[in-house]
Every structure is written in structure tokens, then in C-alpha cells.
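To keep things clear, I will list the structure first and then write my remarks on it.
The analysis underlying the following values was restricted to heavy atoms, covering all of them including side chains, and did not include hydrogens, waters or symmetry mates. Here is the naming used below: chain letters follow the sequence lines, and residue numbers restart at 1 for every chain.
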Amino acid sequence: MRTEEGGNKMSDDTNAVKILDLKGLACPMPVVKVSKGIKEIEVGQVLQAVTSDPGALTDFPAWANTTGNEIIKTETEGKETSFFIKRIV
Amino acid sequence: MEVQSYRAEELFDWVTQGGHDFTLLDVRNNEEFGRFKVEGPHLSKMVNIPYIEFIENEEASVDRLQVPKEERIRIVCAKEGSAKYVGEILLNNGWEDVRILEKGIKSWGNLLTPKLVASQNGYALYQFIRPGKASCSYGLIYEDEMVVFDPSRNAQFYQDFANEHGAGIIKTFETHLQADYISGSKLIHSDTGAQIVGHQGDFKDAVFEYKSVNDQEIFQFSKGGPEIQAIHTPGHTPGSTSYLIDNKFLVSGDTVFVLSIGRPDLGGMAEEWSKLLYKTIRTKIADMNDDLLILPGHYLDWSEANPEKVIVDTMGSIKTKNADIYGIAEENDFVRFIKDNMRKQPDVYGEIRKVNAGILEVDDEEQEIMDLGKNECAASMYGK
């Protein structure tokens, strides 16, 4: 398993309060689901989204950039990537 | 209402022929859009609003579009899904003529469009423009044989084209070891047995079999036909070779372009290769007839096309248009011109060279990604 730390030291807590299984979904559905999912947790909490669509690797950071939420960690295992997203706004 | 689609071939006709007024809405992320977008002489209205913004703020994104409801909107995305998503939003918001690009931007990136350059003395010469790469490959047919110059990796296209014209491909000429796109020669060879022709200055490390071409060597078809004469024109690469067809047309690879000239700095030896190119200009290009028709490997933009949208010009006209290059009278000044215009090449070029030499094997999906995007092969820094 490959882990990449992202964000700042304040964001070390990656305990997700909600997990979205987005495996098998293709563009635009992963972003649609994450956009909805992030609104169902509180600011400061973390959402974990598990994807298999290669497009997510560029689209999730672009989405985070657009919305102002923060990807604090990504984990890649085979064709699956987990994004740990902290709700900021 | 279901969103209708359109094909890359249709898009090519619209953006090159005109008469089809529409707005191209690209819904990929800003970064991908910035790196590679649809281009054409009649593409006057293009807007990039990422699909992510339609998801996050539908109303504001629809407002940003600023296209009257009765006008046509043609959507592009990476594949098809996001375009469909946005297309449905637009239909729900009152637009009626909204269509999405079949198979996404990749189908534009791989599109090859044939143009007849000449049909005379029993032969037919075609230019295959790849608008997504701004590159040109060529096909020459005589009787039941076809030779190809600088094929892209869409090898099936060339084989189908040959078949439709009652011919089989017997040779593929590589004007040089390409750095900016993956060559289709190996695939064509394995499908048809066609011989690959290249210069050992570029292909000495290649791990596949090729016919090593010599300066001034002449090639012909089995039944005669137009002569194809190799002219070694080093500079862009040490093995760069141009091919003179029927003493009238020069397939110039990345040496002579209609605007600018092929960069001699891509191999990491700018000084040495610039001197090679300077010598080629002085000793070979200088001697070429002014009425020789140049068929280049790339174009910078569509202003280089003739009224029939073929990328071609005479040697005389090219020397006039590029007097700032061909008029340089000293080798030192030429090297300085090259160095002043140098800019970073895309990181992927090193890997593409290895794939084209057969040294690196990558799967089809990876090749697809490596191969997408416009070329960076001209010396002048128009893009800077």
C-alpha cells in the first residue's frame, strides 16, 4: 500500500466519519457523490471516498480546489484509490 | 430528452470548413483544457467551464455560458459521461441543440483526416492531418501499393485507407525518430509485413528490424511509378531524412515547416545539432527549387494551410516567410537564435522516443495517455 501525506500538520487525524464506496463508478458520478457526501458531515470531519476511476486522480484534487475542501491523504492499492477529504467549508 | 452525440470527423469539418455556427463547451478541468484543446480555423467560440462547477453550482455555471438558447452547443469532455451530465443540464435549462463528442477528447486526439494533395502520372499523394497533434503523415499510392510516411499509432486507419484504394502497404518511411508522438510503423509492420525505413543516425539503437536508408537513395514501387529519393537533412535529429517524391514534393518531416523550422534542441545537444541543421540549410535546403512543394510533419496553426486546408507551401514562399531563419548568415548567429528560443520539452518525450525505438514496452492505455496533446517541435517560441 502506498500512502501519501497531504495537507498540513493540523490535519493528521484521518479517522473518517463516513465512507463512500465509489468503485466501478465512472465520471462524473464519483464527483457527484463526493459533492453530496461532504455536505452530510460536519466541518472539520473527514470523508473517505474509495474510487476505481482513473479520472478521479485528477478530478478529486480539482474538485477540492474548486470547493475549498481539503484532501488530507490518498492511499492507492492496485487500481483503487482512497481519498480522505476534510470538510473545510 | 436524450442528449445527441457527434463524431470527431464532424467536429473536424465544422472547425475547418466553417458555415456551422456553434459554441464548443469544454467541461474538462482547467488544467487539462490548458494543456490540450480543440483547434481549428473556424472555431470562433470556445468556452471552458469544468463539469465540477456544474455539479457544485449549476445555476452560476449555466449563467457563465452566455449562449443564446437558440444557438448550438457542442460539448467535449475526457470520455463522455461528464459531457452527457452537463448536456442534460443544458437541455433542462432551455437549450435545444446540444450534442456531446462521442468517446470524448481522445477521439479528437487520434483523428486522422485524409486530403488529396495530388493525383497525377498514375499516382495519388495524400496528406493525413492529425488535428489533435497538429501533425501530418502522408500516403503515396501507385497501382496496388501504398507507402506511408510518419504514420501515427492509429495503424488501422492507414491499413483501411490502403484497402479502400485497392492497395496494400509495402513500406513505412520514418523521417526521424519521433519524440512527440508514438509511431504506427511497428504496428503496420506486424500487421502487413511492410518494411520500416529509417536512418541509422536515429535508429541505430532500435530493437526492431528496419531498412537503413542512405542519402540520395532512390525507392520505387514494384511496377515503377514515381521515384522517392531520400535526402539526409540532419539537425532536428542526426538521422532526419526528407523524401523527394517525383521531383515535385518534399516530405520534410520535422526539418522544414511552413512556419519556423524543426527544433534541434530536443536531443539535449542543442549546440551540436544546431550546427548540423545550419549546415543542412546551407548545403541542402539552399539548393532546393523555389517551386518544390513542401509537405511538413507539423504545423503551428491553421494559417499555414492553403485554401483547400492542406498544409503545404512552396520552398520559395517558405524561405520568404521565414527570412529571419533562412537569412541568418553565420553559424554562431544561428546557434544563438536556437538557444534564445529554447524552451522545455514535455517530460514524456524521452519515453516516447524509447517506445518508438522499441526499447520501452507500455500497454495500450498508457500509450494513449502519452500520445495525447499538441506537438512542441518548432524552433520559434510562438507558444511562449
Original post:
Which members of residues 62-69 of chain A, sorted by number, sit under 4.5 angstrom from chain B on a heavy-atom basis?
Top reply: A/A62, A/W63, A/T66, A/T67
Considering residues, nucleotides and ligands other than [X], do more than 12 of their heavy atoms fall under 6.0 Å from its [atom1]?
X	atom1	result
A/K39	NZ	yes
B/K45	NZ	yes
A/K18	NZ	yes

Original post:
Rounded to the nearest 0.5 Å, how far does CG of B/N57 lie from OG of A/S35?
Top reply: 10.0 Å
Subject >> Neighbours of chain A found in residues 69-86 of chain B - heavy atoms under 4.5 Å >> reply: B/K79, B/G81, B/S82, B/Y85
Original post:
Side chains of A/C27 and B/Y51: closer than 4.5 Å at any heavy-atom pair?
Top reply: yes
**OP:** Would you check, one step at a time, whether the test side chain to side chain contact (heavy atoms under 4.5 Å, CB included) holds for B/E31 with A/T58?
**Re:** CA-CA 9 Å; B/E31 197 190 339; A/T58 51; over 6 Å; no
